[in-house]
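First up is the structure itself, then whatever we jot down about it.
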Amino acid sequence: MDVSHLLDELNEAQREAVTAGSGHMLVLAGAGSGKTRVLVHRIAWLIQVEHVSPMGLMAVTFTNKAAGEMRGRVGKLLGIAPNGLWIGTFHGICHRLLRLHAREAGLPETFQILDSEDQYRLIRRLIRDMEFDEGEFPPRQVQGFINHHKDEGRRPDEIEVWDQGFQASQVEIYRHYQAACERTGLVDFAELLLRTVELLRDRPERLAHYRQRFGHLLIDEFQDTNTLQYALVRLLAGDDNRLFVVGDDDQSIYGWRGARVENVQHYARDFSPLVVRLEQNYRSTGTILEAANRVIDHNDDRMGKNLWTEGEPGEPIRVFAAYNAEDEADFIIGRIEDWIRAGRKPSEAAVLYRSNAQSRLFEQALLRADIPYRVYGGLRFFERAEVKDAMAYLRLVHNRDDDSAFERVVNVPARGIGQRTVAELRQAAGSRGLSLYQAAVALCAEDALAARARKAVGAFITLIDGLAGELTDAELGPAMDRIIQATDLIEHYRGREAPDRVEAREENLTELVRAAETFSQPFEDEQAGLSPLASFLAQAALEAGEHQAEHWQDCVQLMTLHSAKGLEFPLVFMAGMEEGLFPHSRSVEEPGRLAEERRLCYVGMTRAMELLYMSFAESRQLHGQTSFSRPSRFVGELPEHLTESIRPGLTTRPAGPTSPQPEDGLPPLGAQVRHPSFGDGTVVEREGQGANTRIQVHFEQAGPKWLIAGYAPLERLS
Ligand code: ATP
Ligand code: MG
């Protein structure tokens with residue numbers, strides 16, 4: 001068989017990795033060097049040349065979107081869909097394993113995934129129920145505490161309690177939380193991993209089965225695996241299994257969420273893999289690559305690598321100083337308009353930012369300019385209130401013991417079940433070890449509720465039971481539609497909100513019905529015996545934030561720097577390059593976290609193929625206040641000869657000391673000046689004309705300031 005197409009478009013080192021014989025493999029290489037490509041080709045190689053069945057391969061990626069792309073690319077190389085091949089995220093794969101072995105894992109068959117928002121609500125409720133002070137035990141912080149321990153594989157009993165006060169109480173909340181999840185069949189994200197690790201650890205026959213089945217385990221973005229994920233890898237890798245791991249220590253950006261870049265070294269130590277380094281970058285221009293390399297050079301403790309390109313040097317990196325965030329957004333959208341006018345596609349442009357909240361201004365500016373866009377990972381479809389309400393009904397109809405779904409919709413729409421009644425249900429559920437739904441049925445039967453409450457609760461039970469009976473064998477789409485109609489959700493919003501909001505919610509619900517109708521169950525899920533409904537619910541919980549793929553093609557892409565990992569775009573904007581925003585204010589005090597922010601900057605820069613813009617605003621509304629900030633230190637780390645600074649109205653480098661100076665009697669560039677409050681400084685930029693001329697002065701003490709030249713009380717020193 002001719003397999004040259006598997007190797008043709010690879011360089012020597014890439015080929016070595018793809019065709020490696022026995023043993024484990026570690027491909028350690030910088031951004032854009034073809035790691036993901038090598039992994040895809042390796043899968044095709046194993047199937048086509050080594051005749052490994054697709055069923056014998058497990059490939060792990062970082063997002064569901066990446067998994068989808070990988071499946072497509074493997075299919076293209078092979079010429080047929082690789083059915084039976086498990087490609088997914090660690091969470092997705094663990095979910096599938098737990099569905100297959102729910103009982104052995106100690107879970108009900110109908111267990112549901114608890115997403116982080118619902119997890120937060122549950123923890124907050126438990127804190128209240130346990131009569132702790134929410135000020136002393138902020139639910140978000142407790143949530144972090146619980147997830148941190150779970151990510152490290154620790155159950156409440158395994159936490160070393162060194163403080164009988166605060167810490168012991170947090171452990172107590174964790175214990176209650178865990179009990180509540182178990183009572184109601186809820187599994188949070190970390191639990192998906194922990195349960196799977198425990199299942200395989202405690203059931204040797206299961207472990208043996210999967211070791212035999214998955215002869216090859218391939219993992220992308222290995223630098224961001226956490227303790228549990230590495231434990232899972234170690235479990236699955238028996239003597240006859242082969243690991244193929246690719247990663248880049250410089251792109252480890254999830255340390256704050258438990259990722260451990262040391263896993264790369266641990267892997268090298270534990271498995272003695274053959275190490276292949278890829279050094280040629282195929283993605284970015286020479287300028288972008290060199291600048292990114294220079295920025296990341298500021299970090300210590302790197303494994304170190306060489307990265308070069310044969311590509312053109314390309315354009316300099318454009319650095320834009322905006323007056324404020326609105327100005328920044330207008331500038332970026334203007335450049336995107338130029339791009340589209342030049343015949344390029346909107347989807348080739350990406351705006352990257354540090355925190356989700358920054359997307360709003362870009363969204364508004366894009367709307368005004370009538371340019372289609374998508375927020376990736378931000379406005380999460382499955383997290384919108386109306387979608388969650390409808391999904392909660394679907395979950396409840398599917399599993400009546402799903403307490404978090406019960407709580408969400410028991411009084412949505414309002415049906416006269418107040419907080420008091422819900423508290424009574426909780427109380428009964430807690431003391432009798434029942435789910436809320438069971439408690440509701442019991443209290444109604446015992447006539448233990450006030451008459452009005454009993455009637456309302458009874459009606460709710462009838463509604464859910466009725467729907468459950470009616471929809472047993474229904475297709476997903478019609479079932480979703482029926483639920484939305486029967487529960488009067490739209491009327492509920494209509495009664496409370498402005499027409500345009502209601503319309504948006506209605507559209508989202510219509511979209512949800514469409515999502516259910518067009519949901520096609522992954523072949524591997526079906527093979528694993530999952531019902532389409534179970535797959536759909538899991539997808540909704542796992543893929544929240546990734547649900548916009550069908551519109552992916554021709555829209556400008558907005559996303560956080562974190563979600564840009566692994567992707568590439570011809571035109572990239574990194575916005576909000578300001579101290580305090582990026583690097584984030586929480587990180588500047590701690591060297592470890594600062595280094596992680598710098599890696600994030602490296603990730604952002606290396607997404608760019610042709611053109612990279614970085615921008616910062618001198619003032620910005622943050623938390624309802626105007627704040628002034630300095631440009632990010634990362635901008636300062638760019639080598640000057642690779643950048644070009646831009647001010648509004650200027651399309652080329654601002655006048656330097658050698659450029660002609662306007663003869664208007666205002667301080668020229670380079671002039672030394674004194675200001676009564678800011679002290680001495682140098683004029684570094686100027687723009688505008690006549691009375692409106694603005695100059696930027698770099699004050700020795702006070703830093704850079706923009707001033708109206710004609711009005712500022714400046715004394716010229718030179
Ligand atoms: P990241 O670290 O950002 O995840 P990566 O190392 O996974 O990057 P890829 O995304 O696999 O890199 O590849 C980067 C780009 O270079 C892709 O567009 C890919 O198609 C291209 N590429 C990789 N290897 C080659 C090659 N040998 N010839 C031509 N193009 C290549
Ligand atoms: Mg990659």
Side-chain angles (χ1 to χ4, degrees), residues 4-19 25-45 59-74 76-77 87 89 218-225 244-254 259 261 264 275-286 288-289 292-293 295-296 302-303 305-312 314 347-348 350 352 557 559 561-572 574 599-610 612:
S4 55
H5 65 289
L6 296 182
L7 302 177
D8 277 352
E9 289 180 341
L10 298 177
N11 65 33
E12 245 342 282
Q14 291 175 330
R15 261 180 228 173
E16 185 190 346
V18 167
T19 60
M25 172 68 76
L26 170 60
V27 179
L28 189 63
S33 58
K35 295 183 296 298
T36 302
R37 186 186 182 108
V38 159
L39 197 134
V40 167
H41 282 242
R42 173 73 177 172
I43 295 174
W45 176 268
V60 187
T61 64
F62 205 76
T63 60
N64 288 291
K65 175 173 176 346
E69 266 172 24
M70 192 170 279
R71 178 177 292 280
R73 284 161 72 180
V74 171
K76 224 162 148 192
L77 279 175
I87 298 186
T89 60
L218 304 97
I219 306 165
D220 199 359
E221 307 273 8
F222 191 77
Q223 74 279 357
D224 272 324
T225 49
F244 190 94
V245 162
V246 315
D248 177 5
D249 57 305
D250 288 331
Q251 295 187 69
S252 149
I253 54 175
Y254 282 95
V261 65
V264 178
V275 180
V276 169
R277 291 178 188 269
L278 310 177
E279 306 200 319
Q280 182 170 0
N281 170 294
Y282 290 92
R283 178 181 293 151
S284 308
T285 64
I288 293 169
L289 187 63
N293 286 342
V295 168
I296 197 68
R302 300 174 53 219
M303 293 181 178
K305 53 185 87 79
N306 240 340
L307 210 52
W308 55 275
T309 174
E310 276 176 356
E312 298 289 321
S347 59
E348 292 178 325
L352 311 181
Q557 313 291 316
M559 67 189 82
L561 287 153
H562 280 100
S563 30
K565 192 160 94 153
L567 307 178
E568 59 189 23
F569 307 93
L571 172 63
V572 168
M574 290 171 70
R599 292 194 291 271
L600 189 57
C601 182
Y602 175 77
V603 167
M605 293 177 74
T606 53
R607 298 310 97 201
M609 301 162 79
E610 298 173 33
L612 172 62

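Both counts, for ligands and for their atoms, begin at 1 and track the order of listing. Reckoned from all heavy atoms, side chains included, excluding hydrogens, waters and symmetry mates.
- Put simply, no part of M609 is less than 4.0 Å from ligand 1, judged by heavy atoms.
- Residue-level proximity to ligand 1 for Q14 is carried by the side chain, the only part with a heavy atom below 4.0 angstrom.
- The distance from ligand 1 to the heavy atoms of E9 drops below 4.0 Å at these ligand atoms: 26 (C), 27 (N), 28 (N).
- Protein N/O/S atoms closer than 2.8 Å to the Mg ion (ligand 2), listed by chain and residue number, are T36 OG1.
- Side-chain N/O atoms of E221 and Q223 include a donor and acceptor closer than 3.5 Å.
- With respect to atom 8 (O) of ligand 1, the closest heavy atom belonging to the protein is G32 N, 2.9 Å.
- Residue R607 has at least one heavy-atom neighbour below 4.0 Å for each of these atoms of ligand 1: 3 (O).
- Scanning for side-chain hydrogen bond (donor to acceptor under 3.5 Å, both in side chains) contacts around N293 gives an empty result, with sequence neighbours left out.
- Remark: among candidates K565, R283, E310, E568, the nearest residue to atom 10 (O) of ligand 1 is R283, based on non-hydrogen atoms.
- In Q251, the part holding a heavy atom less than 4.0 Å from any atom of ligand 1 is the side chain.
- Annotation: atom 16 (O) of ligand 1 to nearest protein heavy atom, Y282 CB, 3.2 Å.
- Residue contacts with ligand 1, taken as heavy atom pairs separated by less than 4.0 Å, involve L10 solely via the backbone atoms N, CA, C and O.
- In terms of protein heavy-atom proximity, atom 12 (O) of ligand 1 is closest to G34 N, 3.0 Å.
- Atoms of ligand 1 lying under 4.0 Å from at least one heavy atom of G566, given by number and element, are 4 (O).
- Nearest protein neighbour of atom 2 (O) of ligand 1, counting heavy atoms only, is K35 NZ, 2.6 Å.
- K35 places a side-chain N or O within donor-acceptor distance of the main-chain N or O of A29, the cut-off being under 3.5 Å.
- Remark: distances from the non-hydrogen atoms of A29 to ligand 1 are all 4.0 Å or more.
- Heavy atoms of N11 come nearer than 4.0 angstrom to ligand 1 in at least one pair.
- When non-hydrogen atoms are compared, ligand 1 lies under 4.0 Å from the backbone of R37 as well as from its side chain.
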